[in-house]
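All chains are named by letter (A, B, ...) in the order of the sequence lines, taking the proteins before the strands, and each is independently numbered beginning at 1.
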Amino acid sequence: MPAYHPQRIEPKWQGYWEQHQTFATPDLDRGRPKLYILDMFPYPSGAGLHVGHPEGYTATDIVCRFKRMKGFNVLHPMGWDAFGLPAEQYAVQTNTHPRITTQANVDNFRRQIKSLGFSYDWSREVDTTDPGYYKWTQWIFLKIHDTWYDPDFEWADAQGRARRGKGRPIAELPIPEGVDPVAYRDSKRLAYRAEVPVNWCPALGTVLANEEVVDGKSERGNHPVVRMPLTQWMLRITAYGDRLVEDLEIVDWPKSIRDMQRNWVGRSEGAEVDFPVLVGGEAPPRPSGPFPATPAEDVIRVYTTRPDTLFGATYMVLAPEHPLVDRITTPEQKDAVAKYREQAARKSDLDRTDLAKTKTGVFTGGHAVNPVTGEPIPVWIADYVLISYGTGAIMAVPAHDDRDFEFAKTFGIPIRAVVEPPAEWLRANASPTREEAPADPAALLAAYKADPGAFAAVFHDEGVAIQSRNDAFVLDGKPTAEAKPAITAWLAERGVGKKAVNYKLRDWLFSRQRYWGEPFPVLLDDQDRVTPIGEDELPVLLPDLDDFKPTGTPEPPLSKAKEWVNYSEAYRREINTMPQWAGSCWYYLRYIDPKNTERPWDPEKEKYWLPVDLYVGGAEHAVLHLLYSRFWHKVLFDRGLVSTPEPFQRLVNQGMILGETEYTAYRDAAGAWVPAPSVEHADKGPIRKGDATGALLETVKLDDDQVVKKGEGFVIKDAPEVRIDARAHKMSKSRGNVINPDVVVNEYGADSLRLYEMFMGPLEAVKPWSMKGVEGVYRFLGRAWRMVVDYEAEEVVLDPRVTDAPPTPDQAKLIARTVAAVGDDYEALRFNTAVSRLMEFVNAFTGAEVRPKAAMETFTLLLAPMAPHLAEELWQILGHESTLAYEPWPAFDPALLKDDEVEIPVQILGKLRGKITVPADADQQAIEALARGDARIAALLEGKTVRKVIVVPGKLINFVAN
RNA sequence: GCCGAAGUGGCGGAAUGGCAGACGCGACGGACUCAAAAUCCGUUGGGGUAACACCCGUGUGGGUUCAAGUCCCACCUUCGGUACCA
């Protein structure tokens, strides 16, 4: 009976914690330091919990339990990101209301998560689909709608740094003379409606955000996506581009994530330049005055990061959708242009990627004037220029841009070198006739100036300006870094250019043509003008529908709720819904005050709990969720609704857990083995490399006893010449390698699952699953149990060797060291080594005839954060009546961490030649004397000249001798 | 292509510039058992030796250092992100 039996222990303690409200967190506790530790809340899918979820959840749970023992007031909540497409698709298929499936999925997730014994304060559970929650999602949307961004507003942040740019109430927007104030305000709001080309997915019956489209197909379901113009809600996240980048400096996040966010925002500096269009052979007169805010009529405005190459701009390209195309196109080119534009419009992103290899385009017949050379240059349209980036038009400098080069080559457009590459570059790229190329640097440069197109590569780096002069201005000789500001200033003086900043980041497409999402709290009149709904009318409830099927057009499903839509005679409701991101943008704020019906959160509580001290989740949210969330938070900050500029102080990404390692061999139709290096993985399956017929190979799964390591890779044991693939794959239903946490809990218990996931390796690393590994930690927990409990007795009693005896000196040292090391490991999120330490402790004590009870208690407390059920049970068996959750973390005597004597290596010329035992505080002379006194070392040093002796006291001694 | 992370036994992994491989899995040997499971004890990087000695070894090639898995340079491979962003 008294064997380790998690199936008995775990429900018992989960019941205890629930009954005693052990982990309910007081809203405010000025007496203790606070700690807000957050998990990314899950989307409760029908598939249930995945072993990836408990990885991060266990890590944060350990930190929470550890910190409670250290005296912190810890906030650790959980909730559900429950709006979203899968529930809606399921509703369509089965005609079940998404609320019903969502409820069932939430219940299942809650059951699974509770079965793992996490110390969440369940009284703070939130659900984004709860009207009591989305009321405030709508409320925040109205705040965003009520805000404009003042790029010139100066303020100081908490660190006292001067900052520029802030979101302000729309009422404070200065209205220029002579404009319609309502329309002007609407044009400046952070939430606005715009007609934009959107990604319409007919199969899903919805519009997708750019981020939800992968290779021209929907991220969910892999359905084709086409572009079409629609009026949509947009959030002006681009206004916050600089702030979102700058404040990455003040958060404690992994560098890789900060880099990803920075790249996603994609800030670049350059210049805007106006190119006048030749109309009827004449350029429009150059306007006097400064660079106009919007380009004059018959002027093509371009954005470039390399204004220093302006002398090399030999043609221009407009995006096919560019408004000037019609104006510029000559009658002869009209048909060709129209045809190209139509093709481009019909192209999905997928087609565009497919065709990315060769540049296409059509000449418009029109010309524009290069503002520095005065030369007329042809204007083309091509879909390699995107309407949504920059100004939708480029000046093409084929000599110094890969894309322009390729295009110019295809269409025979002149290529003019205006930046001098370094001599080595010229030499290295002087092909195709490299042998005949002049070796002399001056001759090489002359060749480059004459025809850069003859060189093997495009020089797109910085260099020195050449062939860049006109009657009034000389750039030649200037390095790129100087040439850029010089020419920008010259252009600005003449009112034809100015310094400019651009972002890859686009405004956030914030509406969806779906049912299962938050309704927008706004009304539209017969002219589509927007009126926000009053705060007292929130929430705008999602109307019940019996029919969730897409309308088959971009018309959202909510259009079917006729009564709901018709708000009044004058107004109808907005029928788009918000995207899934909306609810997850601010859930961390609701946790601090989840039941408040008066406001989204109490400002006092917000000041106490924010920012989140530790946020753990998957790297798949590295960009979107975290960027959107930070954006909302900054708007709330600017509006005085939150007190910190950033929501998440420290971020850690847990690594993905892969399936078990698989050994795969390949066989052709004739049954012959095909070595893995000759196999290529095509879309439909494995084929022989270079096999034009594309005949699929048979994949053969092998057990680990059928394979053997040979050289760099694995081979079949019985056919050692056949290399095979040995690799762990992402868990997926189709591959059949998904591990269900329920199965692991049933078989080994939650403590084993928790401990195994922590023992696998560093939290951030990608790691393959291994059931054998779970058995390993399960055995360890069994040993820990038997270290304390008499497993031969009938009843659950202490092992007779557990007594009140004092620890031996060696035991005392081990105890102190384990306390110190495990505490450090928990602090630094190094759970894998913490487990190792506890294993060493158990290994030492199971061999001991005397097991001091105090040592067993200390061990139990150290184990508790990782394996709380077993720890609580042992704690009770050791004679304690209540939970150990708030027991103080064990103390230790630092003196015990030091040894009196240490064994140190003796090296000769850096090679290990012996070991000596020396007093821990032995000085250099003493150590050297002891080392020289060692018979073996003395013999080895015999006849050699000792040139130098390196002694690191307490560490090592190294004789440099020959 | 660009950005990022990582390459250490058969496997997961450990190692403030100072004894590479802690801990676990697997394997092998032993104890207990009629037997097996469970449990316990021992061995386990490669070569070499009767046993020592000794030699080799952290993706590859260089470098810095008394000393490099760790720092620097170049390259290779794998994984993740991103991609006509002017």
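Across all strands shown, A:Lys772 has heavy atoms under 4.0 Å from sugar-phosphate atoms exclusively, and none from any base. Within the nucleic acid shown, A:Ser268 comes within 4.0 Å of sugar-phosphate atoms alone, with no base atom in reach, counting heavy atoms only.
Base pairing in RNA chain B gives the following stems of 3 or more Watson-Crick or G-U pairs, range against range and under 3.5 Å: B:1-7 with B:76-82, B:10-12 with B:23-25, B:26-31 with B:39-44, B:45-47 with B:54-56, B:59-63 with B:71-75.
Annotation: cation-pi pair A:Lys359/A:Phe407 absent, no NZ/CZ under 6.0 Å from the ring centroid and within 45° of its normal.
To the nearest whole angstrom, the two C1' atoms, one in B:rG13 and one in B:rC25, are 11 Å apart. Rounded to the nearest Å, the gap between the C1' atom of B:rU77 and that of B:rG24 is 28 Å. Between B:rA27 and B:rA37, the distance separating the two P atoms is 11 Å to the nearest Å. Separating the C1' atom of B:rG30 from that of B:rC23 is a span of 23 Å, rounded to the nearest Å. For B:rA14 and B:rC3, the C1' atoms lie 30 Å apart once the distance is rounded to whole Å. Annotation: B:rU64 and B:rC76 have their C1' atoms spaced 23 Å apart (nearest Å). Nucleotides B:rC71 and B:rU65 place their C1' atoms 10 Å apart, quoted to the nearest Å. Between the P atoms of B:rC79 and B:rA86, the separation comes to 28 Å (whole Å).
Checking the phosphate oxygens (OP1, OP2) of B:rA53, no side-chain nitrogen or oxygen of A:Arg913 falls inside 4.0 Å. For B:rG26, one of the phosphate oxygens OP1 or OP2 lies less than 4.0 angstrom from a side-chain nitrogen or oxygen of A:Arg779. Here A:Lys911 reaches the OP1 or OP2 of B:rC56: one of its side-chain N or O atoms lies under 4.0 Å away.
In terms of position along RNA chain B, the nucleotide closest to A:Lys255 lies nearer the 5' end than the nucleotide closest to the other residue of the pair A:Gly776 and A:Lys255. The nearest heavy atom of RNA chain B to A:Ser770 and to A:Arg727 marks one nucleotide each, and the one closer to the 5' end goes with A:Ser770.
Ring centers of A:Trp785 and A:Tyr791: at least 6.0 Å apart, outside the cut-off.
Under 4.0 Å is where a charged nitrogen must lie from a carboxylate oxygen, and between A:Arg267 and A:Glu269 at least one such pair does.
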At a cut-off of 3.5 Å, list every protein nitrogen or oxygen paired with a nitrogen or oxygen from nucleotides 11-22 of chain B, distance to 0.1 Å.
unit_1	atom_1	unit_2	atom_2	d
B:rC11	OP1	A:Lys709	NZ	3.1
B:rG12	O2'	A:Met760	O	2.6
B:rA14	OP1	A:Asn832	ND2	2.9
B:rC19	O2	A:Lys915	NZ	2.6
B:rC19	N4	A:Glu903	O	3.4
B:rA22	O2'	A:Glu840	OE2	3.1
B:rA22	N1	A:Ser836	OG	3.4

